[in-house]
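Fair warning: this is a prediction, and the values are worked out from it, not measured in the lab. No hydrogens, no waters, no symmetry mates; every other heavy atom, side chains included, goes into these values. Throughout, a chain's letter reflects where its sequence line sits, starting with A, and its residues are numbered from 1.
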Amino acid sequence: MADDPSTAASTGTFTVKRGLADMLRGGVIMDVVDAEQAKIAEDAGAVAVMALERVPADIRRDGGVARMSDPALIEGIQAAVTVPVMAKARIGHFAEAQVLAALGVDFVDESEVLTPADEAHHIDKWAFTVPFVCGATNLGEALRRISEGAAMIRSKGEAGTGNIVEAVRHLRSILGDIRRLTQADPAELYGWAKDLRAPIGLVRDVASTGRLPVPLFCAGGIATPADASLVMQLGAEAVFVGSGIFKSDDPARRARAIVEATAHFADAALVAKVSTGLGEAMPGAEIATLDVKLAERGW
Amino acid sequence: MTIGVLALQGDVREHVAALADLGEVARPVRVPADLDGIDGIVLPGGESTTLSMLLASSGVGDALGDALAAGLPAFGTCAGLILLATDVRDGRPDQRSFGAIELTVRRNGYGRQAESFECTLSVPAVGDDPVPAVFIRAPVIEAVGPDVDVLAELPAAPGSTGGARPVVCRQGPVLVAAHHPELTGDRRLHRLFVELVKEHRETRR
(Lines give C-alpha, C1' and ligand atoms only; values in the text may rest on other atoms or scores of the structure.)
Protein backbone atom coordinates (compact mmCIF):
# COMPACT_ATOMS: atom_id res chain seq x y z
CA MET A 1 0.00 0.00 0.00
CA ALA A 2 1.43 3.32 -1.04
CA ASP A 3 -0.28 5.22 1.78
CA ASP A 4 0.66 2.71 4.47
CA PRO A 5 2.03 4.78 7.38
CA SER A 6 3.79 1.76 8.91
CA THR A 7 7.51 2.34 9.30
CA ALA A 8 10.38 -0.08 9.20
CA ALA A 9 11.21 -1.84 12.43
CA SER A 10 14.07 -0.67 14.70
CA THR A 11 15.69 -3.18 17.03
CA GLY A 12 17.78 -2.48 20.12
CA THR A 13 16.25 0.90 20.96
CA PHE A 14 16.16 1.97 24.59
CA THR A 15 12.36 1.54 24.59
CA VAL A 16 12.75 -2.05 23.41
CA LYS A 17 15.47 -2.78 25.98
CA ARG A 18 13.60 -1.20 28.85
CA GLY A 19 10.41 -2.88 27.66
CA LEU A 20 11.76 -6.34 28.44
CA ALA A 21 12.76 -5.17 31.93
CA ASP A 22 9.18 -3.91 32.38
CA MET A 23 7.73 -7.30 31.38
CA LEU A 24 9.74 -9.00 34.15
CA ARG A 25 8.28 -6.77 36.90
CA GLY A 26 6.54 -8.61 39.72
CA GLY A 27 8.50 -11.75 38.91
CA VAL A 28 11.46 -13.79 40.10
CA ILE A 29 14.69 -14.30 38.13
CA MET A 30 16.53 -17.42 39.24
CA ASP A 31 20.20 -18.42 39.00
CA VAL A 32 20.59 -21.82 37.33
CA VAL A 33 23.73 -23.79 36.49
CA ASP A 34 22.32 -26.39 34.08
CA ALA A 35 19.31 -27.26 31.93
CA GLU A 36 17.74 -29.36 34.67
CA GLN A 37 17.76 -26.49 37.15
CA ALA A 38 16.48 -24.17 34.42
CA LYS A 39 13.48 -26.42 33.91
CA ILE A 40 12.79 -26.55 37.66
CA ALA A 41 12.93 -22.75 37.71
CA GLU A 42 10.56 -22.39 34.75
CA ASP A 43 8.17 -24.97 36.24
CA ALA A 44 8.13 -22.94 39.45
CA GLY A 45 7.10 -19.79 37.58
CA ALA A 46 10.42 -17.94 37.11
CA VAL A 47 10.02 -14.97 34.72
CA ALA A 48 13.61 -15.49 33.55
CA VAL A 49 16.69 -17.50 34.41
CA MET A 50 20.30 -16.40 34.91
CA ALA A 51 22.64 -18.94 33.32
CA LEU A 52 25.96 -19.31 35.14
CA GLU A 53 28.53 -21.97 35.98
CA ARG A 54 28.54 -21.50 39.73
CA VAL A 55 26.04 -19.76 41.97
CA PRO A 56 27.52 -16.87 44.01
CA ALA A 57 27.82 -18.95 47.20
CA ASP A 58 30.15 -21.34 45.33
CA ILE A 59 32.09 -18.52 43.66
CA ARG A 60 32.64 -17.09 47.12
CA ARG A 61 33.76 -20.49 48.49
CA ASP A 62 36.05 -21.34 45.57
CA GLY A 63 37.79 -17.98 45.25
CA GLY A 64 39.99 -17.29 42.20
CA VAL A 65 38.89 -15.39 39.11
CA ALA A 66 35.21 -15.76 38.20
CA ARG A 67 34.50 -15.27 34.49
CA MET A 68 31.70 -15.48 31.94
CA SER A 69 30.20 -19.00 31.64
CA ASP A 70 31.04 -21.52 28.91
CA PRO A 71 28.82 -20.78 25.88
CA ALA A 72 27.84 -24.48 25.76
CA LEU A 73 26.26 -24.14 29.19
CA ILE A 74 24.34 -21.02 28.15
CA GLU A 75 23.13 -22.63 24.92
CA GLY A 76 21.99 -25.74 26.80
CA ILE A 77 19.89 -23.58 29.11
CA GLN A 78 18.51 -21.54 26.18
CA ALA A 79 17.36 -24.78 24.57
CA ALA A 80 15.71 -26.02 27.78
CA VAL A 81 13.37 -23.11 28.57
CA THR A 82 11.03 -20.65 26.84
CA VAL A 83 11.47 -17.81 29.35
CA PRO A 84 14.19 -15.15 28.81
CA VAL A 85 17.76 -16.25 29.54
CA MET A 86 20.23 -13.83 31.13
CA ALA A 87 23.96 -14.28 31.59
CA LYS A 88 26.75 -12.45 33.40
CA ALA A 89 29.73 -10.57 32.02
CA ARG A 90 32.55 -9.13 34.14
CA ILE A 91 32.42 -5.41 34.94
CA GLY A 92 34.05 -3.58 32.02
CA HIS A 93 34.57 -6.76 29.99
CA PHE A 94 32.83 -5.67 26.80
CA ALA A 95 34.25 -8.62 24.83
CA GLU A 96 32.46 -11.07 27.16
CA ALA A 97 29.31 -9.02 26.64
CA GLN A 98 29.80 -9.21 22.86
CA VAL A 99 30.05 -13.01 23.14
CA LEU A 100 26.86 -13.17 25.20
CA ALA A 101 25.09 -10.95 22.66
CA ALA A 102 26.31 -13.22 19.84
CA LEU A 103 24.82 -16.19 21.73
CA GLY A 104 21.47 -14.40 21.72
CA VAL A 105 21.02 -14.03 25.46
CA ASP A 106 18.03 -11.83 26.30
CA PHE A 107 19.75 -9.73 29.01
CA VAL A 108 23.38 -9.24 30.06
CA ASP A 109 24.16 -8.75 33.76
CA GLU A 110 27.33 -6.68 34.12
CA SER A 111 27.97 -8.23 37.47
CA GLU A 112 30.13 -7.63 40.53
CA VAL A 113 29.69 -11.35 41.31
CA LEU A 114 32.32 -12.01 38.64
CA THR A 115 35.86 -10.64 39.01
CA PRO A 116 36.00 -7.12 37.52
CA ALA A 117 37.94 -6.73 34.27
CA ASP A 118 38.30 -2.94 34.40
CA GLU A 119 38.88 -0.94 37.57
CA ALA A 120 37.76 2.40 36.14
CA HIS A 121 35.19 1.83 33.41
CA HIS A 122 31.97 -0.05 33.06
CA ILE A 123 30.81 -1.34 29.66
CA ASP A 124 29.43 1.25 27.22
CA LYS A 125 26.01 -0.36 27.10
CA TRP A 126 24.67 2.02 24.44
CA ALA A 127 26.92 0.19 21.97
CA PHE A 128 24.80 -2.96 22.29
CA THR A 129 21.43 -4.16 21.01
CA VAL A 130 21.03 -6.53 23.97
CA PRO A 131 19.76 -4.89 27.20
CA PHE A 132 21.95 -4.75 30.33
CA VAL A 133 21.23 -4.91 34.04
CA CYS A 134 23.75 -3.49 36.50
CA GLY A 135 24.02 -3.54 40.27
CA ALA A 136 23.96 -0.44 42.45
CA THR A 137 24.35 0.31 46.15
CA ASN A 138 23.12 3.91 46.02
CA LEU A 139 21.31 6.38 43.75
CA GLY A 140 24.45 7.90 42.23
CA GLU A 141 25.77 4.51 41.20
CA ALA A 142 22.36 3.59 39.72
CA LEU A 143 22.25 6.81 37.66
CA ARG A 144 25.83 6.37 36.42
CA ARG A 145 24.92 2.89 35.17
CA ILE A 146 21.78 4.25 33.50
CA SER A 147 23.85 7.01 31.87
CA GLU A 148 26.02 4.21 30.41
CA GLY A 149 22.89 2.58 28.95
CA ALA A 150 21.66 0.09 31.58
CA ALA A 151 18.00 -0.81 31.02
CA MET A 152 17.49 -2.24 34.50
CA ILE A 153 19.06 -1.60 37.91
CA ARG A 154 19.25 -4.13 40.73
CA SER A 155 20.47 -3.69 44.24
CA LYS A 156 23.81 -5.43 44.69
CA GLY A 157 23.08 -6.75 48.14
CA GLU A 158 25.80 -9.21 49.14
CA ALA A 159 25.49 -12.16 46.77
CA GLY A 160 25.95 -15.70 48.01
CA THR A 161 25.36 -14.92 51.69
CA GLY A 162 21.64 -15.62 52.12
CA ASN A 163 21.73 -12.46 54.22
CA ILE A 164 19.24 -9.76 53.17
CA VAL A 165 20.74 -6.92 55.20
CA GLU A 166 22.87 -5.43 52.41
CA ALA A 167 20.08 -5.52 49.83
CA VAL A 168 17.84 -3.71 52.30
CA ARG A 169 20.55 -1.11 52.88
CA HIS A 170 20.94 -0.54 49.14
CA LEU A 171 17.20 -0.34 48.43
CA ARG A 172 16.63 2.04 51.32
CA SER A 173 19.52 4.21 50.16
CA ILE A 174 18.31 4.38 46.54
CA LEU A 175 14.61 4.79 47.29
CA GLY A 176 15.20 7.13 50.24
CA ASP A 177 17.33 9.45 48.11
CA ILE A 178 14.69 9.36 45.35
CA ARG A 179 12.07 10.47 47.88
CA ARG A 180 14.34 13.28 49.12
CA LEU A 181 15.13 14.32 45.56
CA THR A 182 11.45 14.87 44.79
CA GLN A 183 11.42 17.50 47.59
CA ALA A 184 14.42 19.43 46.28
CA ASP A 185 13.96 22.77 44.50
CA PRO A 186 15.36 23.15 40.95
CA ALA A 187 18.51 24.97 42.10
CA GLU A 188 19.30 22.23 44.62
CA LEU A 189 19.31 19.60 41.89
CA TYR A 190 22.74 20.80 40.71
CA GLY A 191 24.12 20.08 44.18
CA TRP A 192 22.46 16.69 44.13
CA ALA A 193 24.00 15.91 40.73
CA LYS A 194 27.44 16.91 42.04
CA ASP A 195 27.09 14.83 45.23
CA LEU A 196 25.65 11.83 43.40
CA ARG A 197 28.26 12.14 40.62
CA ALA A 198 25.40 11.69 38.16
CA PRO A 199 24.22 13.63 35.08
CA ILE A 200 21.90 16.55 35.86
CA GLY A 201 19.41 15.38 33.20
CA LEU A 202 18.85 12.05 34.95
CA VAL A 203 18.71 13.77 38.36
CA ARG A 204 15.97 16.11 37.07
CA ASP A 205 14.11 13.17 35.58
CA VAL A 206 14.10 11.28 38.89
CA ALA A 207 13.11 14.44 40.80
CA SER A 208 10.07 14.97 38.58
CA THR A 209 8.88 11.35 38.27
CA GLY A 210 9.82 10.03 41.72
CA ARG A 211 11.29 6.87 40.22
CA LEU A 212 14.31 5.67 38.27
CA PRO A 213 13.92 5.87 34.49
CA VAL A 214 14.35 2.06 34.38
CA PRO A 215 12.93 -0.70 36.62
CA LEU A 216 14.59 -1.27 40.02
CA PHE A 217 14.91 -4.91 41.03
CA CYS A 218 16.38 -6.47 44.16
CA ALA A 219 19.29 -8.92 44.22
CA GLY A 220 21.80 -10.21 46.72
CA GLY A 221 20.77 -12.26 49.75
CA ILE A 222 17.16 -13.31 49.14
CA ALA A 223 16.64 -16.77 50.67
CA THR A 224 13.01 -16.94 51.84
CA PRO A 225 9.50 -15.94 50.70
CA ALA A 226 9.43 -13.37 53.50
CA ASP A 227 12.69 -11.85 52.18
CA ALA A 228 10.97 -11.40 48.80
CA SER A 229 7.92 -9.83 50.45
CA LEU A 230 10.17 -7.49 52.46
CA VAL A 231 12.06 -6.08 49.48
CA MET A 232 8.92 -5.78 47.34
CA GLN A 233 7.23 -3.82 50.15
CA LEU A 234 10.31 -1.59 50.36
CA GLY A 235 9.81 -0.74 46.68
CA ALA A 236 11.71 -3.29 44.58
CA GLU A 237 9.82 -4.16 41.38
CA ALA A 238 11.01 -7.77 41.08
CA VAL A 239 13.61 -10.04 42.65
CA PHE A 240 16.67 -12.02 41.64
CA VAL A 241 17.37 -15.17 43.65
CA GLY A 242 20.87 -16.52 43.25
CA SER A 243 22.07 -19.16 45.65
CA GLY A 244 18.87 -19.03 47.71
CA ILE A 245 16.97 -21.62 45.70
CA PHE A 246 19.37 -24.33 44.64
CA LYS A 247 21.37 -24.20 47.89
CA SER A 248 18.21 -24.96 49.90
CA ASP A 249 16.66 -28.31 50.90
CA ASP A 250 13.76 -28.37 48.46
CA PRO A 251 14.55 -26.07 45.51
CA ALA A 252 11.35 -26.68 43.49
CA ARG A 253 9.09 -25.89 46.42
CA ARG A 254 11.11 -22.93 47.64
CA ALA A 255 11.29 -21.49 44.12
CA ARG A 256 7.54 -21.64 43.76
CA ALA A 257 6.98 -20.21 47.24
CA ILE A 258 9.22 -17.22 46.42
CA VAL A 259 7.32 -16.66 43.14
CA GLU A 260 4.01 -16.65 45.04
CA ALA A 261 5.35 -14.37 47.77
CA THR A 262 6.72 -11.91 45.18
CA ALA A 263 3.41 -11.73 43.30
CA HIS A 264 1.34 -11.40 46.47
CA PHE A 265 3.92 -9.56 48.57
CA ALA A 266 1.39 -7.52 50.55
CA ASP A 267 -0.70 -10.58 51.52
CA ALA A 268 0.92 -11.74 54.78
CA ALA A 269 -1.47 -14.71 55.14
CA LEU A 270 -0.40 -16.00 51.74
CA VAL A 271 3.30 -15.47 52.53
CA ALA A 272 2.74 -17.41 55.78
CA LYS A 273 1.07 -20.25 53.89
CA VAL A 274 3.81 -20.63 51.27
CA SER A 275 6.55 -20.33 53.93
CA THR A 276 5.20 -23.28 55.90
CA GLY A 277 7.33 -26.43 55.98
CA LEU A 278 9.77 -25.39 53.26
CA GLY A 279 12.72 -27.15 54.88
CA GLU A 280 16.11 -25.58 55.46
CA ALA A 281 16.98 -22.35 53.67
CA MET A 282 20.50 -21.95 52.32
CA PRO A 283 23.19 -21.60 55.00
CA GLY A 284 23.71 -17.89 55.69
CA ALA A 285 26.75 -15.75 56.38
CA GLU A 286 27.31 -12.73 58.61
CA ILE A 287 28.52 -9.79 56.52
CA ALA A 288 31.24 -8.91 59.09
CA THR A 289 32.87 -12.33 58.64
CA LEU A 290 33.30 -12.02 54.85
CA ASP A 291 36.77 -11.79 53.32
CA VAL A 292 35.48 -10.33 50.06
CA LYS A 293 32.57 -7.89 49.79
CA LEU A 294 31.27 -8.19 46.23
CA ALA A 295 29.14 -5.05 46.60
CA GLU A 296 32.31 -2.94 46.78
CA ARG A 297 33.14 -3.84 43.18
CA GLY A 298 32.00 -1.25 40.63
CA TRP A 299 32.61 2.49 40.38
CA MET B 1 -16.99 2.07 34.75
CA THR B 2 -14.54 -0.14 36.59
CA ILE B 3 -12.00 -2.03 34.53
CA GLY B 4 -9.90 -4.73 36.11
CA VAL B 5 -6.20 -5.11 35.34
CA LEU B 6 -4.77 -8.56 36.04
CA ALA B 7 -2.06 -7.71 38.58
CA LEU B 8 -0.21 -10.99 39.19
CA GLN B 9 2.92 -10.09 37.19
CA GLY B 10 4.00 -7.84 34.31
CA ASP B 11 3.57 -4.20 33.30
CA VAL B 12 0.40 -3.58 35.31
CA ARG B 13 1.16 0.03 36.24
CA GLU B 14 1.25 1.23 32.61
CA HIS B 15 -2.20 -0.22 31.89
CA VAL B 16 -3.62 1.33 35.07
CA ALA B 17 -2.16 4.69 34.00
CA ALA B 18 -3.58 4.38 30.47
CA LEU B 19 -7.09 3.68 31.82
CA ALA B 20 -6.79 6.51 34.34
CA ASP B 21 -5.83 8.88 31.50
CA LEU B 22 -9.15 7.97 29.88
CA GLY B 23 -11.06 8.69 33.09
CA GLU B 24 -11.80 5.07 33.98
CA VAL B 25 -11.33 3.41 37.35
CA ALA B 26 -8.71 0.65 37.06
CA ARG B 27 -8.80 -2.09 39.68
CA PRO B 28 -5.83 -4.43 40.16
CA VAL B 29 -7.01 -8.07 40.15
CA ARG B 30 -5.04 -10.50 42.34
CA VAL B 31 -7.76 -12.70 43.89
CA PRO B 32 -11.13 -13.92 42.54
CA ALA B 33 -13.10 -11.38 44.63
CA ASP B 34 -11.38 -8.55 42.73
CA LEU B 35 -13.37 -9.61 39.65
CA ASP B 36 -16.72 -8.77 41.29
CA GLY B 37 -18.49 -5.94 39.52
CA ILE B 38 -15.86 -5.16 36.89
CA ASP B 39 -17.06 -4.14 33.42
CA GLY B 40 -13.99 -5.39 31.58
CA ILE B 41 -10.52 -6.77 32.17
CA VAL B 42 -7.05 -5.99 30.85
CA LEU B 43 -4.46 -8.78 30.68
CA PRO B 44 -1.04 -7.10 30.65
CA GLY B 45 2.31 -8.01 29.18
CA GLY B 46 4.56 -10.26 31.26
CA GLU B 47 5.67 -13.88 31.06
CA SER B 48 2.72 -16.05 30.05
CA THR B 49 4.15 -19.14 31.78
CA THR B 50 4.47 -17.27 35.09
CA LEU B 51 1.02 -15.72 34.68
CA SER B 52 -0.47 -19.17 33.98
CA MET B 53 0.99 -20.57 37.18
CA LEU B 54 -0.20 -17.61 39.26
CA LEU B 55 -3.67 -17.68 37.66
CA ALA B 56 -4.03 -21.30 38.79
CA SER B 57 -2.65 -20.86 42.32
CA SER B 58 -4.64 -17.69 43.06
CA GLY B 59 -7.95 -19.11 41.78
CA VAL B 60 -8.29 -16.10 39.47
CA GLY B 61 -7.86 -18.38 36.43
CA ASP B 62 -11.07 -20.36 36.96
CA ALA B 63 -13.12 -17.34 38.02
CA LEU B 64 -11.87 -15.27 35.10
CA GLY B 65 -12.45 -18.19 32.72
CA ASP B 66 -16.11 -18.26 33.79
CA ALA B 67 -16.43 -14.48 33.44
CA LEU B 68 -14.89 -14.52 29.95
CA ALA B 69 -17.16 -17.40 28.90
CA ALA B 70 -20.09 -15.27 30.07
CA GLY B 71 -18.92 -12.43 27.78
CA LEU B 72 -16.72 -10.19 29.96
CA PRO B 73 -14.92 -7.75 27.61
CA ALA B 74 -11.15 -8.25 27.64
CA PHE B 75 -8.04 -6.53 26.27
CA GLY B 76 -4.85 -8.60 26.12
CA THR B 77 -1.43 -7.28 25.16
CA CYS B 78 1.46 -9.62 24.30
CA ALA B 79 1.37 -12.26 27.10
CA GLY B 80 -2.28 -11.23 27.65
CA LEU B 81 -3.00 -12.06 24.00
CA ILE B 82 -1.44 -15.51 24.49
CA LEU B 83 -3.67 -16.16 27.51
CA LEU B 84 -6.82 -15.12 25.60
CA ALA B 85 -6.11 -17.13 22.41
CA THR B 86 -7.65 -20.51 21.61
CA ASP B 87 -4.49 -22.19 20.33
CA VAL B 88 -0.91 -21.63 21.57
CA ARG B 89 2.19 -23.07 19.93
CA ASP B 90 5.62 -23.35 21.59
CA GLY B 91 3.97 -22.89 24.95
CA ARG B 92 4.04 -25.20 27.93
CA PRO B 93 1.44 -27.99 28.06
CA ASP B 94 0.07 -26.66 31.36
CA GLN B 95 -0.27 -23.11 30.02
CA ARG B 96 -3.63 -21.43 30.53
CA SER B 97 -5.68 -20.67 27.40
CA PHE B 98 -8.95 -18.87 27.99
CA GLY B 99 -10.00 -19.41 24.37
CA ALA B 100 -11.78 -16.05 24.30
CA ILE B 101 -10.60 -15.19 20.77
CA GLU B 102 -10.09 -17.63 17.91
CA LEU B 103 -6.40 -17.22 17.20
CA THR B 104 -3.46 -19.52 16.69
CA VAL B 105 -0.40 -17.86 18.22
CA ARG B 106 3.24 -18.83 18.47
CA ARG B 107 5.01 -17.71 21.63
CA ASN B 108 8.16 -15.65 21.00
CA GLY B 109 7.41 -16.14 17.31
CA TYR B 110 9.41 -13.06 16.31
CA GLY B 111 12.47 -14.47 18.12
CA ARG B 112 14.52 -13.60 21.17
CA GLN B 113 15.09 -10.15 22.66
CA ALA B 114 17.65 -9.29 19.94
CA GLU B 115 14.74 -9.43 17.47
CA SER B 116 12.41 -7.27 19.61
CA PHE B 117 11.57 -4.04 17.78
CA GLU B 118 9.52 -0.90 17.58
CA CYS B 119 7.75 0.54 14.55
CA THR B 120 4.50 2.26 13.69
CA LEU B 121 1.30 0.56 12.60
CA SER B 122 -1.62 1.55 10.47
CA VAL B 123 -4.76 0.92 12.54
CA PRO B 124 -7.65 2.46 10.55
CA ALA B 125 -10.15 1.56 13.31
CA VAL B 126 -8.57 4.17 15.62
CA GLY B 127 -7.71 6.87 13.07
CA ASP B 128 -5.40 7.79 10.21
CA ASP B 129 -2.29 8.70 12.20
CA PRO B 130 0.22 5.86 12.63
CA VAL B 131 0.18 4.08 15.98
CA PRO B 132 3.56 3.60 17.71
CA ALA B 133 4.10 -0.07 18.55
CA VAL B 134 6.69 -1.85 20.73
CA PHE B 135 7.11 -5.60 20.20
CA ILE B 136 8.98 -7.41 23.02
CA ARG B 137 9.63 -11.12 22.41
CA ALA B 138 6.19 -10.90 20.89
CA PRO B 139 3.82 -13.71 19.90
CA VAL B 140 3.11 -14.21 16.21
CA ILE B 141 -0.54 -14.59 15.24
CA GLU B 142 -0.37 -17.45 12.73
CA ALA B 143 -4.07 -17.95 12.01
CA VAL B 144 -7.32 -16.14 12.79
CA GLY B 145 -10.82 -17.61 13.09
CA PRO B 146 -13.64 -16.64 10.71
CA ASP B 147 -15.26 -14.26 13.22
CA VAL B 148 -12.07 -12.37 14.03
CA ASP B 149 -11.55 -8.85 12.64
CA VAL B 150 -7.93 -8.01 11.88
CA LEU B 151 -7.48 -4.34 12.83
CA ALA B 152 -3.78 -4.05 12.01
CA GLU B 153 -1.07 -6.10 10.45
CA LEU B 154 2.68 -5.92 9.94
CA PRO B 155 3.70 -5.90 6.31
CA ALA B 156 5.65 -8.95 5.19
CA ALA B 157 9.35 -8.56 5.89
CA PRO B 158 11.35 -7.90 2.72
CA GLY B 159 12.63 -11.19 1.35
CA SER B 160 10.46 -13.32 3.67
CA THR B 161 8.20 -16.01 2.27
CA GLY B 162 5.36 -15.28 4.73
CA GLY B 163 2.66 -12.70 4.09
CA ALA B 164 1.51 -9.83 6.27
CA ARG B 165 0.99 -10.80 9.92
CA PRO B 166 -2.04 -9.75 11.96
CA VAL B 167 -1.01 -7.89 15.14
CA VAL B 168 -4.22 -6.27 16.43
CA CYS B 169 -7.43 -8.33 16.38
CA ARG B 170 -10.95 -8.19 17.72
CA GLN B 171 -13.69 -10.74 18.16
CA GLY B 172 -16.85 -9.38 19.80
CA PRO B 173 -15.85 -7.73 23.09
CA VAL B 174 -12.32 -9.18 23.05
CA LEU B 175 -9.44 -7.04 21.76
CA VAL B 176 -5.83 -8.20 21.52
CA ALA B 177 -2.50 -6.68 20.49
CA ALA B 178 0.78 -8.56 19.96
CA HIS B 179 2.62 -5.39 20.95
CA HIS B 180 2.49 -3.11 24.01
CA PRO B 181 0.30 -0.03 23.49
CA GLU B 182 0.63 0.59 27.25
CA LEU B 183 4.35 1.37 26.82
CA THR B 184 3.66 4.32 24.51
CA GLY B 185 1.76 7.48 25.32
CA ASP B 186 -0.75 6.71 22.56
CA ARG B 187 -4.06 5.86 24.23
CA ARG B 188 -6.14 5.09 21.13
CA LEU B 189 -6.20 1.31 21.49
CA HIS B 190 -7.14 1.61 25.18
CA ARG B 191 -9.86 4.08 24.14
CA LEU B 192 -11.13 1.57 21.60
CA PHE B 193 -11.33 -1.04 24.37
CA VAL B 194 -13.15 1.37 26.69
CA GLU B 195 -15.65 1.96 23.89
CA LEU B 196 -16.11 -1.80 23.45
CA VAL B 197 -16.76 -2.13 27.17
CA LYS B 198 -19.33 0.69 27.06
CA GLU B 199 -21.06 -0.80 24.03
CA HIS B 200 -21.16 -4.19 25.70
CA ARG B 201 -22.64 -2.70 28.88
CA GLU B 202 -25.38 -0.95 26.95
CA THR B 203 -26.38 -4.04 24.97
CA ARG B 204 -26.62 -5.96 28.26
CA ARG B 205 -29.06 -3.50 29.79
Side-chain angles (χ1 to χ4, degrees), chain A residues 1 3-29 42-48 78 81-86 101-108 128-131 151 211 215 237-238 256 259-260 262-267 270 274, chain B residues 7-14 30-31 44-54 56-58 78-79 90-92 94-95 107-108 110-123 128-137 152-155 157-158 164 167 179-180 182-184:
Chain A
M1 277 191 301
D3 60 345
D4 187 345
S6 317
T7 54
S10 331
T11 57
T13 62
F14 192 68
T15 302
V16 166
K17 292 176 176 177
R18 195 215 130 117
L20 180 56
D22 283 323
M23 296 314 136
L24 303 177
R25 292 197 334 245
V28 181
I29 299 152
E42 189 182 59
D43 286 347
V47 286
Q78 285 174 317
V81 295
T82 65
V83 295
V85 175
M86 302 187 172
L103 292 172
V105 305
D106 296 293
F107 237 101
V108 174
F128 288 78
T129 302
V130 64
R211 62 172 83 242
E237 297 181 279
R256 194 176 162 127
V259 170
E260 298 265 359
T262 303
H264 299 279
F265 64 85
D267 183 344
L270 186 141
V274 301
Chain B
L8 295 171
Q9 191 270 317
D11 67 336
V12 176
R13 183 176 72 226
E14 287 78 0
R30 295 188 185 88
V31 294
E47 269 305 311
S48 61
T49 53
T50 305
L51 285 165
S52 287
M53 192 280 260
L54 292 167
S57 65
S58 64
C78 195
D90 287 353
R92 290 166 51 88
D94 56 353
Q95 191 154 351
R107 281 186 69 218
N108 307 333
Y110 292 95
R112 296 181 183 282
Q113 174 63 10
E115 279 79 53
S116 293
F117 60 97
E118 57 178 320
C119 63
T120 58
L121 295 173
S122 167
V123 192
D128 294 336
D129 290 337
V131 173
V134 186
F135 291 81
I136 309 286
R137 289 170 46 95
E153 47 188 24
L154 274 181
V167 289
H179 63 284
H180 294 281
E182 73 277 12
L183 292 183
T184 70

Set out, in order, the CA-CA distance, both residues' side-chain angles and the distance that settles side chain to side chain contact (heavy atoms under 4.5 Å, CB included) for A:Asp43 and B:Arg92, then state yes or no. CA-CA 9 Å; A:Asp43 286 347; B:Arg92 290 166 51 88; 2.8 Å; yes
Euclidean distance, B:Arg13 CZ relative to A:Asp22 CG, rounded to 0.5 Å: 7.0 Å
Once rounded to the nearest 0.5 Å, what's the spacing between atom CD of B:Glu115 and atom CG of A:Asp106? 9.5 Å
Let me know if B:Arg137 has heavy atoms under 4.5 Å from chain A in its side chain, its backbone, both or neither. side chain
Heavy-atom distance under 4.5 Å to chain A: side chain of B:Leu183, backbone, both or neither? side chain
To the nearest 0.5 Å, what is the distance between CG on B:Asn108 and OG1 on A:Thr82? 6.5 Å
Just so I understand: if I count every heavy-atom pair under 4.5 Å between each of A:Pro84, A:Ala263, A:Gly19 and chain B, which residue has the most? A:Pro84
Got a second to check how far A:Leu24's CG is from B:Asp11's CG, nearest 0.5 Å? 10.5 Å
Interface moiety of B:Arg112 toward chain A, non-hydrogen atoms closer than 4.5 Å: both
Chain B heavy atoms under 4.5 Å from A:Glu237: which part of the residue, side chain, backbone, both or neither? side chain
Please report the interatomic distance SG(B:Cys78) to CE(A:Met23), rounded to the nearest 0.5 Å. 6.5 Å
Would you mind telling me which of B:Gly45, B:Ala79, B:Ser57 has the largest number of heavy-atom pairs within less than 4.5 Å of chain A? B:Ser57
Please look at A:Asp267 and chain B and tell me whether the side chain, the backbone, both or neither of the residue comes under 4.5 angstrom of a heavy atom of that chain. neither
With side chain to side chain contact (heavy atoms under 4.5 Å, CB included) as the test, would you mind laying out the steps for A:Thr129 and B:Gln113 before giving the verdict? CA-CA 9 Å; A:Thr129 302; B:Gln113 174 63 10; over 6 Å; no
So which heavy atom on B:Arg30 is nearest to which on A:His264, and how close? O-CE1, 3.5 Å
Give, as side chain, backbone, both or neither, the part of A:Ala238 having an atom under 4.5 angstrom from any heavy atom of chain B. neither
Identify the two heavy atoms, one from A:Ala9 and one from B:Cys119, that lie closest to each other, and give their separation to 0.1 Å. CA-CB, 4.0 Å
Report the option among A:Gly26, A:Gly45, A:Gly27 that has the most heavy-atom pairs separated by less than 4.5 Å from atoms of chain B. A:Gly45
Report which part of B:Glu182 has an atom under 4.5 Å of a heavy atom belonging to chain A: side chain, backbone, both, or neither. side chain
Most heavy-atom pairs under 4.5 Å with chain A, out of B:Ser116, B:Ala114, B:Ala152, belong to B:Ser116
Minimal non-hydrogen separation, A:Val16 against B:Ile136, with atom names: O-CD1, 3.3 Å
Toward chain B, the part of A:Val130 with a non-hydrogen atom under 4.5 Å: neither
With a 4.5 angstrom heavy-atom cut-off, is it the side chain or the backbone of B:Val131 that approaches chain A, or both, or neither? neither
Can you tell me how far apart CD (B:Glu118) and OG1 (A:Thr11) are? Round to the nearest 0.5 Å. 10.0 Å
Checking heavy atoms, do the side chain of B:Asp90, its backbone, both or neither come under 4.5 Å from chain A? backbone
Checking A:Ala48 against chain B: side chain, backbone, both or neither under 4.5 Å from a heavy atom? neither
